[in-house]
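Worksheet: the structure to be examined is printed underneath.
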Amino acid sequence: MSNESTTLTIPAEWSHHKVLWTAWPSHETLWQENLAGAREEVANMVRALASGEPIRVLACGDEAMASATAAIGYEAEILPARFGDIWLRDTGPIFALTAQGSIALRFRNNGWGGKYRLPGDDSVGDEVAKAAGVEPLHFDFVLEGGALEHNGNGVVLTTRQCLLNPNRNGDWSQARAEQALQQALNCKQVLWLEDGLLNDHTDGHVDNLARFVDSNSVVCQSASGRSDPNAGLYDTLYKALRGMGLNVHQIPSPGRIDDTEGEPMPASHMNFIIGNETVVMPVYEDHYSPQAVADLQRLFPRHKVVGLPSRHLLTGGGSFHCITQQEPEL
């Protein structure tokens, strides 16, 4: 390995951010009747976070630029960019630090296993790196940022359902995946979970399942209500995390949140973004969210934890963590 890669680190999300990157819902053909609602949810997130850090918002097209500027132009810098959709956690770079400075790790994007191929999603990461003034470093394998959770000390949490899925990197074995992550991220250990939430568009991204809150502690969810579609998964997940020697905290899940056809959606209180001063958690039309916010607040005593509606973003398959990517301070 080069000297650069041996000194490379991925700071924990709670490390100080230089900039927080996100994107503005820009394509009516993708969001349809949820476009206005998704924009309102993104705007509310930006307003909640803006007091603690600079925020840069990508917008695609003249109408989106005008809309974003009108809504949040006082809170954030709006930048033109070409992208398929707003899921920058997956399509943007993973920012890392080296002895020489910041670097933008870039991976191939194949539309979440070929399901959602959109023009610009495979190149927007380079646009972000250029706008940040950071050199990109490309790797020739498929990887989405939401598939990994970092503790800041070289430990990565992920799922077999996503990383070992044949729709990403063919016949990757666990050993091959670990080798690739070690070479790209300089990680010391990969902790493997099994499956993600029911009906998760991403094939089991870990940022809907469990999140580090310090270097040896994670938070996950417990089932809410008799109809929670992931009740069995939460029990299995808790036992697996405890078996890894981690300190495990649980907060309530949103329970069952259905789409317009009555099918459960992958709603998760885990899809929060940790800002410099504020943690923004997605909440839904359920009575479990206030308790989840209060429980998460106890795990982030130096932050203000706020719950913001995210139902419209959920129709696109994600929430606040999925649409953001932090650039760490040197």
Side-chain angles (χ1 to χ4, degrees), residues 1-2 4-6 8 10 84-85 87-96 103-126 136-151 154-212 218 220 230 232-233 236-237 239-241 243-244 246 266 268 270-271 317-318 321-322 325:
M1 299 176 69
S2 68
E4 183 175 79
S5 59
T6 55
L8 184 147
I10 311 292
D85 211 350
W87 314 113
L88 282 192
R89 181 66 51 177
D90 297 336
T91 60
I94 296 176
F95 287 98
I103 195 166
L105 308 182
R106 292 281 289 112
F107 303 92
R108 288 198 293 114
N109 180 282
N110 74 343
W112 295 269
K115 296 188 293 294
Y116 309 104
R117 289 184 178 272
L118 298 171
D121 277 350
D122 59 349
S123 57
V124 67
D126 285 337
L137 178 60
H138 289 261
F139 296 90
D140 191 27
F141 60 88
V142 174
L143 182 69
E144 299 114 28
L148 307 176
E149 177 69 7
H150 307 266
N151 81 336
V155 177
V156 170
L157 188 64
T158 190
T159 70
R160 292 184 176 91
Q161 182 188 3
C162 183
L163 250 65
L164 305 186
N165 198 313
N167 67 12
R168 299 304 206 275
N169 292 295
D171 59 352
W172 254 21
S173 65
Q174 183 169 309
R176 176 68 186 91
E178 290 181 354
Q179 181 185 43
L181 294 180
Q182 196 276 331
Q183 290 176 345
L185 308 173
N186 194 30
C187 61
K188 302 179 181 71
Q189 185 180 16
V190 180
L191 301 177
W192 292 93
L193 299 169
E194 290 297 335
D195 296 328
L197 297 184
L198 179 68
N199 296 334
D200 187 346
H201 299 189
T202 67
D203 302 312
H205 275 191
V206 74
D207 63 358
N208 268 338
L209 290 179
R211 305 287 304 282
F212 281 109
V218 294
C220 61
N230 295 290
L233 171 72
T236 300
L237 176 65
K239 293 173 184 175
L241 292 167
M244 295 171 181
L246 298 167
S268 176
M270 292 297 95
N271 211 267
H321 195 252
C322 297
Q325 184 60 263

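Just so we're clear, the structure is a prediction, and the values are computed from it rather than from any experiment. Here, residue 1 is the first one in the sequence, and each next residue gets the next number.
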**Asked** Stepwise, does the side-chain contact (heavy atoms from CB on, under 4.5 Å) test hold for Cys322 with Asp207?
**Response** CA-CA 8 Å; Cys322 297; Asp207 63 358; 4.2 Å; yes
**Request:** Apply side-chain contact (heavy atoms from CB on, under 4.5 Å) to Asn109 and Val124, showing your working.
**Result:** CA-CA 10 Å; Asn109 180 282; Val124 67; over 6 Å; no
Roughly how far, to the nearest 0.5 Å, is [atom2] of [Y] from [atom1] of [X]?
X: Arg89; Y: Glu144; atom1: CZ; atom2: CD; result: 13.0 Å
X: Asp85; Y: Tyr116; atom1: CG; atom2: OH; result: 11.0 Å
X: Leu164; Y: Asp171; atom1: CG; atom2: CG; result: 11.0 Å
X: Leu241; Y: Leu193; atom1: CG; atom2: CG; result: 5.0 Å
X: Asp90; Y: Asp121; atom1: CG; atom2: CG; result: 9.5 Å
X: Leu8; Y: Cys187; atom1: CG; atom2: SG; result: 10.0 Å

With the side chain counted from C-beta on, respond yes when [X] and [Y] share a heavy-atom pair under 4.5 Å apart, and no when they do not.
X: Lys115; Y: Asp203; answer: yes
X: Leu163; Y: Arg168; answer: no
X: Arg117; Y: Asn110; answer: yes

Is there a donor-acceptor pair under 3.5 Å between the side chain of [X] and the backbone N or O of [Y]?
X: Asn230; Y: Leu198; value: yes
X: Glu149; Y: Leu157; value: no
X: Asn208; Y: Ser268; value: no
X: Asn165; Y: Asn167; value: yes
X: Thr159; Y: Gly204; value: yes

**Prompt:** Taking it one step at a time, do Leu105 and Ile10 satisfy side-chain contact (heavy atoms from CB on, under 4.5 Å)?
**Reply:** CA-CA 10 Å; Leu105 308 182; Ile10 311 292; 3.9 Å; yes
**Item:** Donor on one side chain, acceptor on other, His205 and Asn271, under 3.5 Å
**Value:**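 No, no side-chain donor-acceptor pair sits under 3.5 Å.
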**Item:** Polar contact flag, side-chain donor to acceptor under 3.5 angstrom, His321-Arg211
**Value:**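 Distance-only check passes for His321 and Arg211.
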For [X] versus [Y], what's the shortest heavy-atom pair and its separation?
X: Thr91; Y: Arg106; result: O-NH1, 4.0 Å
X: Leu233; Y: Gly196; result: CD2-O, 3.5 Å
X: Phe107; Y: Ala184; result: CE2-CB, 3.9 Å
X: His201; Y: Trp112; result: O-CB, 4.4 Å
X: Pro136; Y: Asp126; result: CB-OD1, 3.8 Å
X: Ala147; Y: Thr158; result: O-OG1, 2.7 Å

**Request:** In sequence, state the C-alpha distance, the side-chain angles, and the governing distance for Asp122 and Arg108, and then conclude on salt bridge (Lys or Arg N to Asp or Glu O under 4.0 Å).
**Result:** CA-CA 7 Å; Asp122 59 349; Arg108 288 198 293 114; over 6 Å; no
**Prompt:** Between His150 and Leu185, is a side-chain contact (heavy atoms from CB on, under 4.5 Å) present by the stated rule, with each step listed?
**Reply:** CA-CA 10 Å; His150 307 266; Leu185 308 173; 4.1 Å; yes
**Prompt:** Parallel, tilted or perpendicular: which fits the ring planes of Phe141 and Phe139, with parallel below 30° and perpendicular above 60°?
**Reply:**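 Aromatic pair Phe141/Phe139 classed tilted.
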